[in-house]
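Quick notes on the structure that follows.
Chain identifiers are assigned alphabetically (A, B, ...) following the order of the sequence lines, protein sequences preceding nucleic acid strands; residue numbering begins at 1 within each chain.
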There are 4 protein chains.
Amino acid sequence: MAARSTRTHDPQDTRAAIVRAALELMSERSYDGTAVPDVAARAGVAAGTMYRHFKGKEALVNAVYRECKLSMHRFLIEAIAGAPSPREGFRRLWRGLWEFSRKHSEAFRFLEMHRHLPYLEPASREVSNSVMEGVATFVRSAQAEGAIREGPPEVLIALAFGAFVGLAKESEAGLTRLDEETIALSEEAVWGLLAA
Amino acid sequence: MAARSTRTHDPQDTRAAIVRAALELMSERSYDGTAVPDVAARAGVAAGTMYRHFKGKEALVNAVYRECKLSMHRFLIEAIAGAPSPREGFRRLWRGLWEFSRKHSEAFRFLEMHRHLPYLEPASREVSNSVMEGVATFVRSAQAEGAIREGPPEVLIALAFGAFVGLAKESEAGLTRLDEETIALSEEAVWGLLAA
Amino acid sequence: MAARSTRTHDPQDTRAAIVRAALELMSERSYDGTAVPDVAARAGVAAGTMYRHFKGKEALVNAVYRECKLSMHRFLIEAIAGAPSPREGFRRLWRGLWEFSRKHSEAFRFLEMHRHLPYLEPASREVSNSVMEGVATFVRSAQAEGAIREGPPEVLIALAFGAFVGLAKESEAGLTRLDEETIALSEEAVWGLLAA
Amino acid sequence: MAARSTRTHDPQDTRAAIVRAALELMSERSYDGTAVPDVAARAGVAAGTMYRHFKGKEALVNAVYRECKLSMHRFLIEAIAGAPSPREGFRRLWRGLWEFSRKHSEAFRFLEMHRHLPYLEPASREVSNSVMEGVATFVRSAQAEGAIREGPPEVLIALAFGAFVGLAKESEAGLTRLDEETIALSEEAVWGLLAA
DNA sequence: CATGAATGAGAATTCATTCAT
DNA sequence: AATGAATGAATTCTCATTCAT
């Protein structure tokens, strides 16, 4: 009845299933440690099908990378938007990071594992930069207000984001629990890192 | 002069060359992305020779992991030893981390890439833990003095160490320079994270 | 005419070609003495193709074993069926053995070389046992009639079958010819072994 | 004190240890399935040492073959010597075979596995033939007496010897026990095969 | 679009053999 | 004679990719 007769599946669904499967596997092992046939099997499609949607394994990992990065971007931008103060902005950012790493743990791990890798296409790097931009703008205006200490925003961001990643890895390894209390403590501590 | 007459080659030299070559390659690509024949070629030995010294690729990566971890351990323990105050202790730790990441950049990158990976043997994890212990002791005594904020030492260490890693990755990607000024700034900032 | 339209090649054909090639090579050299690429080359397929059809070399040798065993089973069961007397039954069995060893000489040699070997899976052994059962039943009923001497059927079968194998090996080595006369003589002699 | 000062070991002992180790391993797996370093390890010598005593793996397997064959030859010749009658001669032969297969089970299995193989040197085959000769002479004279049925001796020997091998394999596979009773029964039966 | 059999280059690993000591 | 580290060709097996259907 509808104009679009979905025979078995929407091609977009197939593509999404492949990206999802690739994300799951590549966030466990590395890019090189993940076999294309395994991705296909997990996505529930034939091996050949993958090549209808992506030119090759590299194109696939880049697609995964972009989607993850974008997803995190949206998450953080939303979290930060309309914060009444730098302190509150940071609080939302830190909590946003936490929430994202819980809700999209695979995406979070994937992004960490695949930073700055040789098979990342320029287009993927750009997504990467645009994410940073939003946060850098936030830092700069907070510095102008005298709320965040002086220094290159990218350095401060690297330190603060690195701190979160360190915490996340620790919890992933089972050495600590990322509970409410730990988050509160860490937020306080990292604000100590940033505050003027 | 030496008591030990070297024949053609000391087996220990061969082993060391293989570990070195593996470190160099595996810190560029991942474990899975590094081919054993390439390691052998870089070490200047035949492919089969590797298997006289290591049972397999996994045993090799574990040996590399342990050596790197131990190397960093010694470096930091030495740096921290006999610090007159917590503040000074942290300063030395941070500078030690910096120096280590410059002098042993491959080891540093390797350790970051290979944390908590499925092919790490229990023995390797233990080396890992023993390193943490030294620093945790430092943190605890500084907390007793009221110099470092309250909270589980492993959380604070994860945050601070993570911050350094974040900075190092940023510089590796060429987005910032790890110069004297940046180190001074970052040290000050991360002390803000730790200080009571 | 046939309902099944053959594309380029039926996968079953490929599988059969691989089994055939493996049989040919493994009945000349041993299991360990036969290289997988050689099997593939003889089957006219690429080396990798083998692994689509068999999980590994062991799975392949087991498949070959089962097919050979089954083939001999069918041959002998058919030969023995409806024999009017024990003497005639044995005559047919002996002639059946002879015919099988001529028409399927590779299968016959293969089975001899690969009896009770460590890489035989339990499933393969079961095929083996079911073959024995048919003959054992024949022996038991002949013993009941007083035509075959007393004693455990499996012992008598082992002796008689062993005698045939000994003869076949002798002829294979070129030390005697398995002609009509020899078969007649040997049949007579081995009946002497069995007869009450 | 003795003229021959045995420093550590007699070279003959080393050689014997290697042959013994090779026999043990090659009677379990095949020639191709047995690794030279494994033989060396089991013999308690270094890998290189093997090549002082044998030109290569083929020379080793041939040495093992000859020693086994000779050992069985002596055993059977002794068993058969001075038998008062063909019937008694066969009885001794059959019992000799039994004893040999128990006392030298590895040698017996080895000989069975390695009959007529491509790496057997002519010299090895000759040992092989000389064994057969002794038994063939026995058969011929028994035929002259009218005690053993007419026919080419090598055919009768192949049948009778094959029968024993069949029985031995059966017992090796654990399907029957080679006890006194079974031997008595089988001897009786195989005499039925031979008797005129 | 989807399939999955086929490919073949390349991966990890083994092993017969050599040779400096 | 004995050693054992080193070799490199050969082995088993994997996997990114293609293509006829």
Exercise for review: Using atom CZ of B/Arg29 as one end and atom P of E/dA11 as the other, report the distance to the nearest whole Å.
Suggested key: 11 Å

Review point. How many Å lie between NE2 on B/His53 and P on F/dG4, as a whole number?
Key: 14 Å

Practice item. Using side chain to side chain contact (heavy atoms under 4.5 Å, CB included) as the criterion, point out the one residue from C/Leu60, C/Leu70, C/Leu111 that pairs with C/Tyr65. Key: C/Leu111

Exercise for review: Taking all non-hydrogen atoms of both residues into account, name the closest pair between C/Arg15 and C/Ala63 and its distance.
Suggested key: NH2-CB, 3.9 Å

Revision key, fill the gap. The residue, D/Glu58 or A/Ala46, whose nearest nucleotide of DNA chain E is more 5′ is A/Ala46

Check your understanding: What integer number of Å spans the C1' atoms of F/dT21 and E/dC1?
Key -> 13 Å

Practice item. Please report, rounded to the nearest Å, how far the P atom of F/dG4 is from the CD atom of B/Gln12. Key: 15 Å

Practice item. State, to 0.1 Å, how close B/Ala22 and B/Val39 come at their nearest heavy-atom pair, and which atoms those are. Key: N-CG1, 3.8 Å

Check your understanding: DNA chain E: stems of at least 3 consecutive Watson-Crick or G-U pairs, cut-off 3.5 Å?
Key -> E:2-21 with F:2-21

Check your understanding: When you check the phosphate oxygens OP1 and OP2 of F/dT17, does a side-chain N or O of A/Tyr51 lie under 4.0 Å from one of them?
Key -> yes

Review point. Counting only N and O atoms by type, is there a donor-acceptor contact under 3.5 Å from the side chain of C/Asn62 to the main-chain atoms of C/Tyr119?
Key: yes

Study note, to complete from the structure: When rounded to whole Å, the CE to C1' distance for the pair A/Met50 and F/dT17 reads 9 Å

Check your understanding: Which whole-number value in Å describes the distance from C/Asp32 CG to E/dA16 P?
Key -> 11 Å

Point to revise | A/Arg109 (side chain) donor-acceptor with A/Ser27 (main chain) under 3.5 angstrom | key: yes

Study note, to complete from the structure: Atom NZ of B/Lys57 and atom P of E/dA11 are separated, to the nearest Å, by 9 Å

Review point. Can you name the nearest heavy-atom pair linking A/Thr34 to A/Arg29, along with the distance?
Key: OG1-CB, 4.1 Å

Review point. Does a side-chain N or O from A/Thr14 land closer than 4.0 Å to OP1 or OP2 of E/dA2, or not?
Key: yes

Practice item. Mind checking C/Pro37 for me? I need base, sugar-phosphate or nothing, with any heavy atom below 4.0 Å counting as a touch. Key: base

Exercise for review: Select one nucleotide: of F/dT3, E/dT17, F/dA16, the one nearest the side-chain heavy atoms of A/Ala35.
Suggested key: F/dA16

Study note, to complete from the structure: From CD1 of D/Ile18 across to P of F/dA2 the rounded distance in Å is 8 Å

**Study point:** First of D/Arg52 and C/Asp38 reached from the 5' end of DNA chain F, by closest nucleotide
**Key:** D/Arg52

Review point. Is any side-chain N or O of D/Thr49 closer than 4.0 Å to OP1 or OP2 of F/dT3?
Key: yes

Study note, to complete from the structure: When rounded to whole Å, the CZ to P distance for the pair D/Arg15 and F/dA1 reads 11 Å

Exercise for review: Search all heavy atoms of A/Val61 against all heavy atoms of A/Met26 and return the closest pair with its distance.
Suggested key: CG2-SD, 3.6 Å

